[in-house]
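What you see is a predicted model; the values in this text were computed from it and never measured.
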There are 2 protein chains.
Amino acid sequence: MTDIKWSDAEKKIARRAFDAALQKELAALLQQLKSRAAKAEGPEDIWAIHDYLAKQRGVIDGKYDYRYSQLIVVFGHLLRERRLEEKDIEGLSEEKLQQIRHITSL
Amino acid sequence: MTDIKWSDAEKKIARRAFDAALQKELAALLQQLKSRAAKAEGPEDIWAIHDYLAKQRGVIDGKYDYRYSQLIVVFGHLLRERRLEEKDIEGLSEEKLQQIRHITSL
């Protein structure tokens, strides 16, 4: 997949889809943080929130890898998690879409 | 200071003062967390809260060391930070109180 060429138009679509998914994921995390902090009652809740944020940072850093060599896999995972819909990546070449769907189906 | 003997009565006083200071510190941290989470608006706020909790965990772990060889220094620091008052450790021997005050004054 590292040989796949991305046209300028595709790069624009990819960037927009990638950023939108990341923003949505971070917005959801922010709401989780607010909700958990509001409900927190004791020290164990403080450290559980810390550990949750540490883990989410790792998950998000690992998942959102904007290298063209990785984007097919990234988009495949995001579709599977329903953080993206097919319409968000409409305009990518049919070859790329098929590879992305393949990843999604694994 | 490692040679200092702690009577049973002193151990009770020490334990109560230590636990009370720790509980107060954790309660303050919990309020900080709630306040910062409620005001958080974006990703950078999420990670700032994570980093703040990570740092506070280290600070608190380092500060609250309940070994009899360390308690004089621990209480000295807690007095200096006004997390304890002299009355909280009333009943310790005059020798210990003097050493604690000495640490506080450094």
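Taking each heavy atom of B:K34 and A:A40 in turn, the nearest pair found is NZ-O, 2.8 Å.
Cluster annotation: A:I4 and A:F18 are assigned to the same hydrophobic cluster (Ile/Leu/Val/Met/Phe/Trp/Tyr, side-chain heavy-atom contacts under 4.5 Å, transitive). Hydrophobic clustering, with ILVMFWY side chains joined whenever heavy atoms are under 4.5 angstrom apart, groups A:Y68 together with A:L84.
How far CD of B:Q56 is from CH2 of A:W47: 7.0 Å, rounded to the nearest 0.5 Å. Taking CD1 of A:I46 as the reference point, atom CG of B:L53 lies at 7.5 Å (rounded to 0.5 Å).
More than 12 heavy atoms of other residues, nucleotides or ligands lie within 6.0 Å of CD in A:E44, so this atom counts as buried by the packing criterion. Other residues, nucleotides and ligands contribute more than 12 heavy atoms inside 6.0 Å of the NZ atom of B:K11. Counting non-hydrogen atoms of other residues, nucleotides and ligands closer than 6.0 Å to CD of A:E94 gives a total above 12.
With A:P43 as reference, B:L26 is the one residue of B:L26, B:L30, B:L29 to meet the side-chain contact (heavy atoms from CB on, under 4.5 Å) rule.
A heavy-atom distance below 4.5 Å is found between the side chains of A:R57 and B:D51.
With a 4.5 angstrom heavy-atom cutoff, B:A38 touches chain A only via backbone atoms.
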